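A quick write-up on the structure given underneath.
Letters A, B, ... mirror the listed sequences (proteins, then strands); counts begin at 1. The shown structure was predicted, so the numbers you read here are calculated from the model rather than taken from an experiment.
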Amino acid sequence: MKLSKAFIPTLKEVPADAIIPSHVLMLRTGMVRMLSAGIYSFLPLGYTVVKKVVEIIREEMDAIGGQEFHLPALNPKEIWEETNRVEAFGDTMFHIKNRDYVLAPTHEEIMTYHAKGVVKSYKDMPQIWYQIQTKFRNEPRPKSGVIRGRQFLMKDAYSFDTSWENLDKSYALHDQAYRNIFKRCDLKYFIVGASSGAMGGNRSEEFMVKSEAGEDTVAHCEKCGYAANVEVATSVVEGAPRNENSLELKEISTPNVKSIDELCRFLNINETQCAKSRVYIHNDKPVLVLMLGNDEVNETKLASVLPGALRPGHPDELKEITGADAGSIGPIGFKGRIIADLRLKDANNLYSGANKNDCHLGGIDLKRDVPNLEYFDLRTVQAEETCTRCGSKLDVFKAIELGHIFKLGTRYSEALGATFLDENGKVNPIIMGSYGIGVERVIACYIEQHNDEKGIIWDKTLAPYQLHLMGLNMKKPEVIEASNKIYDDLKAMGYQVLFDDRVDAQAGFKFNDADLLGLPVQIIVGDKNLKENKVEVKIRKSGERFTIEIDRLYDKLKELI
RNA sequence: CGGGGCGUGGCUCAGCCCGGUUAGAGCGCCUGGUUCGGGACCAGGAGGUCGGAGGUUCAAAUCCUCUCGCCCCGACCA
């Protein structure tokens, strides 16, 4: 492609709205332009990269026996009502105004619909069906360029099996395919155990890339490799000590003391002597959640302990339920279910709210004073805590979710009646898995991991072109002739070449554009080197540059690309 | 949805607080010329309903009200 003819609108200045490197660079290199919040147009250069990623995904999915579909994004709402997901997605799902259609945010329902009545026998399975297609989600807050958009490309795959054991096999195939895909894309990633959330199912793992722009937080152990989303991660932490003698319950006046920190200062005690109370409304009934000190309630863990409708209580509800405002609530005299974090197991001589404003109770013995108290792991892992597997310290950081694999089970097949007959002629629901990859995220994450102050650093695998040929002074006949000949030769050899043949651009301008676009190898044709029949080659990644005779260039390129 | 910020030629921004020439700069773009291996220079030129609507005023980019859009933090999130 000749740059003089190409639509590759590079920007010299940093766009005001972009913060993270991948977003800045995708705009500056002319890969994308924003149309509206969270909605991006891919320009030719960006779309070329999309096609490369898609092709890698396609090859690896085909390699595990996947069959590619192309489903409609426009779906009848009815089918989503059968699985209750219109309600589950809520405002995140786009609804069409003038017909009862929705824009699909994922495709479990539609794939299951097609399996129903067609995949009827155990002999018809296993099946792996996938597509690479646009998804629509009405994100309340799109951010970070293409990383969180309202419309995005997703590879979504679905497996259909006759048993949980066979699902394990399909799941393992996808796990391997995903490892291959991300490795080929040269991404540093790791795999974490995750919560399956609204997708349902009983097991899921996420493929994560460490990044400050990430929206997930993960705990990771460098030493043994343990990695989990903090939604589900666990660690070894000391519980509150149980003292030999339990003190008597004692009411203490604590005017204007609201937080645990204030309480510790006021009474000159340690936070591990305090039980913090949070009230949730679970299926319309209040539940008191006790945490040690300043530990935060992990609402994902809480939701798995309290399945169903769950939300924090409103301030006015708290007053009505407990007789006190947040900050003075406690377990003694609380009417309703009480659960506590494991760190509080059988602790005594604790301080907590007295369910009376400006009052706390001391000398609380959970064993003595809170009968039938249930303990669960409810806290969020913090950095520097101890790994449950190997005993070393956990690291906690932000990460971007690139892919997610779920063992769904029968949730969709049961809801939609997708059943099969087994060897014994018995009717069973199909056992399903679902597997997603965010295509744009692969690109954005690659750029996050491969850039410098000059621009992107493409590896040959994802680079939109392999070679960046530059004619430095395209008014000089010898440069025109030599660079055009090299361009034609390289194309004839099958290379993908971007040829900066612009007549009016200065050398420095071309160099900077080349470094910005970041194609792996630059070939620089200038009149000085041409006098010795040479050109200059620059490796973008290392910055290494050398001159070489034109005759030897082609052999050298075989080594480099 | 809550908090904060911002909307002025294609891009980055100044002007607004304190209303008053023909609304500015740099980059980019067009024409001509010089330059030509790390984002050149000279001369000339095109391009703006100041996000939109309403209001105050003799007079609004500037003040007021409403509204739309965008960014950041939070909430939410597959």
Side-chain angles (χ1 to χ4, degrees), chain A residues 9-20 23-24 27-28 30 33-40 83 85 88-93 104-109 135-145 147-150 152 154 156 194-201 204-206 212-217 229 231 299-300 303 311-312 400-406 408 411 434-438 441 454-455 470-476 478-479 500 502-516 522-531 534-536 538 543 545 547:
Chain A
T10 57
L11 300 173
K12 195 157 87 175
E13 293 187 79
V14 177
D17 289 340
I19 305 292
I20 66 166
H23 189 194
V24 170
L27 289 168
R28 287 193 59 207
R33 286 289 186 267
M34 187 180 79
L35 185 61
S36 177
I39 305 178
Y40 284 82
T83 53
R85 286 176 107 201
F89 275 107
D91 196 45
T92 304
M93 183 181 255
T106 174
H107 276 87
E108 279 77 12
E109 279 77 0
K135 301 287 186 262
F136 297 87
R137 296 182 187 181
N138 185 22
E139 294 291 347
R141 180 149 98 86
K143 59 179 286 199
S144 306
I147 287 176
R148 167 176 278 221
R150 293 202 170 122
F152 57 96
M154 182 173 177
D156 47 320
S195 159
S196 46
M199 299 298 291
S204 82
E205 278 160 317
E206 291 168 320
E212 268 310 303
E215 316 201 280
D216 288 275
T217 309
N229 197 308
E231 290 175 348
E299 296 192 352
T300 306
R311 60 172 175 83
I400 296 169
E401 178 188 344
L402 273 182
H404 204 157
I405 56 180
F406 298 90
L408 288 179
R411 170 171 175 185
S434 92
Y435 316 87
I437 292 178
R441 284 186 179 183
K454 288 281 199 179
M470 276 171 269
L472 286 193
N473 186 336
M474 291 299 279
K475 283 178 185 155
K476 298 203 170 175
E478 64 270 31
V479 177
D500 191 344
R502 291 175 294 183
V503 177
D504 49 358
Q506 300 275 122
F509 206 96
K510 294 187 177 187
F511 289 138
N512 282 306
D513 260 357
D515 288 342
L516 174 64
Q522 300 171 10
I523 300 163
I524 301 154
V525 181
D527 56 340
K528 282 176 197 150
N529 285 320
L530 274 181
K531 288 186 180 121
K534 285 180 173 175
V535 294
E536 184 174 337
K538 177 176 168 183
R545 50 210 295 177
T547 56

Next on the checklist: Need the pair for B:G7. Rule: Watson-Crick or G-U wobble, both distances under 3.5 Å, any strand; none if unpaired.
Outcome noted: B:C68
Item to check | Contacts of type ring pair (Phe, Tyr, Trp, His ring centres under 6.0 Å), residue A:His107, not counting sequence neighbours | outcome: none
Next on the checklist: Heavy atoms only, 4.0 Å cut-off, all strands: where does A:Lys454 land among base, sugar-phosphate and nothing?
Outcome noted: base
Checklist outcome for this item: By side-chain hydrogen bond (donor to acceptor under 3.5 Å, both in side chains), A:Glu139 pairs with (sequence neighbours left out) A:Arg148
Atom pairs under 3.5 Å: protein N/O with N/O of nucleotides 40-45 of chain B:
from: B:A40; atom 1: N7; to: A:Gln506; atom 2: OE1; distance (Å): 3.3

Next on the checklist: Tell me every residue that passes side-chain contact (heavy atoms from CB on, under 4.5 Å) with A:Pro142, counting only those two or more places apart in sequence or in another chain.
Outcome noted: A:Ala37, A:Arg150
Checklist entry - How would you list, by chain and number, every residue that makes a side-chain contact (heavy atoms from CB on, under 4.5 Å) with A:Ala507, sequence neighbours excluded? => result A:Leu472, A:Phe511
Using nucleotides 6-11 of chain B, report all nitrogen or oxygen pairs with the protein that are shorter than 3.5 Å.
from: B:C11; atom 1: O2; to: A:Glu13; atom 2: OE2; distance (Å): 3.4

Checklist entry - When you measure from the side chain of A:Arg441 to the backbone N and O of A:Glu401, does any donor-acceptor pair fall under 3.5 Å? => result yes
Checklist entry - What pairs with A:Asp17 under salt bridge (charged side-chain N to carboxylate O under 4.0 Å, His left out), at least two apart in sequence or on another chain? => result none
Next on the checklist: Determine whether a donor-acceptor pair (one donor, one acceptor, N or O, separation below 3.5 Å) exists between the side chain of A:Arg545 and the base of B:G38.
Outcome noted: yes
Checklist outcome for this item: Sequence neighbours excluded, the answer for side-chain contact (heavy atoms from CB on, under 4.5 Å) partners of A:Lys531 is none
Next on the checklist: Please report the distance separating the C1' of B:U8 from the corresponding atom of B:U12, rounded so that it comes out in whole Å.
Outcome noted: 12 Å
Item to check | With sequence neighbours excluded, residues passing side-chain contact (heavy atoms from CB on, under 4.5 Å) with A:Arg141 | outcome: A:Lys143
